[in-house]
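Below: one structure, written as structure tokens.
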Amino acid sequence: INRPENRMTIASKVCAECGTTVFADAPEGLCSVCLFRSGLGLLDNKDDEAFEPTGTRMLKDFGDYELLEEIGRGGQGVVYRAHQKSLNRTVALKVIGLAHWATEAHVKRFRLEAEAAAGLNHPCIVPIYEVGERDGACYFSMGLVEGGQLDAVAKREPMPIRHAAVLIAKLARTVHYAHEHGILHRDIKPGNILLHARGEPHLTEFRRARLVEKEGTVTQTR
């Protein structure tokens, strides 16, 4: 039985420092990036170049990955364009921003996000390649989608109605596929949909996903 006291808190609120949406149990009411800054006494320094999560400070070498540039960040971590040396390929690398300061719940969410997506093999779901930890920083590597987030793309240029309808149909089939494989995403929005350079949609951000039984009852909070 999935008792309420065993479920992770999924309600969200806003980071008191930067306004990013965070989970209700976020320490001090801050997102991971701002909390890390606070822990290092860097809140008065607004120069983002002065901050990098533990284990990525050099912004070059991160084990098997060479970090090329930051391409996104949020309440759960920072995403980099990176070169995987062993396989000579470019990937997206997500690193949890709290590193040594991460709570057990944050680390668990981070890992479950990777595990939920890694169990799905669909052309419209961003593939997960590797999950690991280095110097106290949890990370996972995934496919790099170059086109940008759907909300940002739509703001730059209005999308033709026919194109939008085709996009929605593809996403609906993608979500149906995830449901058939026991994963309920629960956070589908334009910001969590990446568009390939050719316009193909890719669903990402499974940190709020749930594992569901075939009968439809929720068995584990993701």
Side-chain angles (χ1 to χ4, degrees), residues 8-15 18-24 26 31-33 70-82 91-97 105-106 108-129 131 138-159 163-212 218 220-222:
M8 290 188 297
T9 303
I10 59 172
S12 61
K13 58 183 179 180
V14 174
C15 172
C18 68
T20 299
T21 300
V22 297
F23 288 99
C31 71
S32 60
V33 173
E70 179 183 318
I71 58 177
R73 65 170 62 198
Q76 276 291 96
V78 183
V79 182
Y80 298 92
R81 181 193 307 272
V91 301
L93 186 73
K94 186 170 184 177
V95 184
I96 189 169
H106 279 80
K108 185 175 182 180
R109 279 199 202 101
F110 189 84
R111 285 189 169 276
L112 288 179
E113 175 186 354
E115 291 172 9
L120 302 173
N121 182 17
H122 190 278
C124 290
I125 293 178
V126 178
I128 300 296
Y129 299 143
V131 182
C138 295
Y139 71 87
F140 63 81
S141 61
M142 52 189 165
L144 179 65
V145 180
E146 298 279 8
Q149 294 173 308
L150 176 59
D151 53 355
V153 173
K155 286 180 181 178
R156 291 198 303 267
E157 184 178 356
M159 184 177 295
H163 185 190
V166 171
L167 195 69
I168 292 172
K170 289 181 178 179
L171 288 170
R173 287 192 289 269
T174 302
V175 173
H176 178 65
Y177 166 85
H179 290 176
E180 286 187 320
H181 288 75
I183 299 295
L184 185 64
H185 190 284
R186 300 196 308 164
D187 195 22
I188 299 173
K189 58 185 180 182
N192 289 340
I193 298 168
L194 303 179
L195 290 183
H196 190 275
R198 296 189 299 272
E200 291 296 311
H202 290 74
L203 188 60
T204 187
E205 295 291 345
F206 281 79
R207 66 181 182 274
R208 294 178 186 266
R210 278 184 177 177
L211 179 63
V212 183
V218 176
Q220 182 177 353
T221 300
R222 287 290 191 176

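The chain is numbered in sequence order, starting from 1.
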Judged by atom type as modelled, is there a donor-acceptor pair below 3.5 Å linking the side chain of D187 to the main-chain atoms of E205?
no
Locate the shortest heavy-atom distance separating P201 from L195; write the atom from each residue and the value.
CA-CD2, 3.8 Å
Just by distance, do the side chain of H185 and the backbone of T204 share a donor-acceptor pair under 3.5 Å?
yes
Applying side chain to side chain contact (heavy atoms under 4.5 Å, CB included), run through Q149 and K155 and close with a yes or a no.
CA-CA 10 Å; Q149 294 173 308; K155 286 180 181 178; over 6 Å; no
Which pair of non-hydrogen atoms, one from M159 and one from L150, has the smallest distance, and what is that distance?
CE-CD1, 3.7 Å
Is there a side-chain contact between K170 and L167, using heavy atoms and a 4.5 Å cut-off?
no
Considering all heavy atoms, the nearest T174-C124 contact:
OG1-CB, 3.2 Å
If you define the side chain from C-beta out and look only at heavy atoms, does anything of V79 sit under 4.5 Å from E70?
no
For the side chain of Y177 and the backbone of N121, is there at least one donor-acceptor N/O pair under 3.5 Å apart?
yes
Keeping the roles fixed (side chain from H179, backbone from L184), state whether a donor-acceptor pair exists under 3.5 Å.
no
Run F206 and I128 through side chain to side chain contact (heavy atoms under 4.5 Å, CB included) and show every step you take.
CA-CA 11 Å; F206 281 79; I128 300 296; over 6 Å; no
Is any side-chain heavy atom of L203 less than 4.5 Å from a side-chain heavy atom of H122?
no
How long is the span from the CG atom in L93 to the CE atom in M142, to the nearest 0.5 Å?
8.0 Å
Salt bridge (charged side-chain N to carboxylate O under 4.0 Å, His left out) for R173 and E180? Distances and angles first, verdict last.
CA-CA 10 Å; R173 287 192 289 269; E180 286 187 320; over 6 Å; no
Going by the rule ring-ring contact (aromatic ring centres under 6.0 Å, His included), which residues pair with H196 if we only count those two or more places apart in sequence or in a different chain?
none
Taking all heavy atoms of A178 and all of L120, pick out the closest pair and write down the distance.
CB-CD1, 4.1 Å
Interatomic distance, H181 atom NE2 to H176 atom NE2 [nearest 0.5 angstrom]:
10.0 Å
In terms of heavy-atom contacts, V91 and S141 come closest through CG2-CB, 4.2 Å
Do I188 and L171 have side chains that approach each other closer than 4.5 Å (heavy atoms only, starting at C-beta)?
no
With rounding to the nearest 0.5 Å, note down the distance linking CG in N192 to NE2 in H202.
14.5 Å
Residues two or more places apart in sequence or in another chain: which of them pass salt bridge (Lys or Arg N to Asp or Glu O under 4.0 Å) with D151?
none
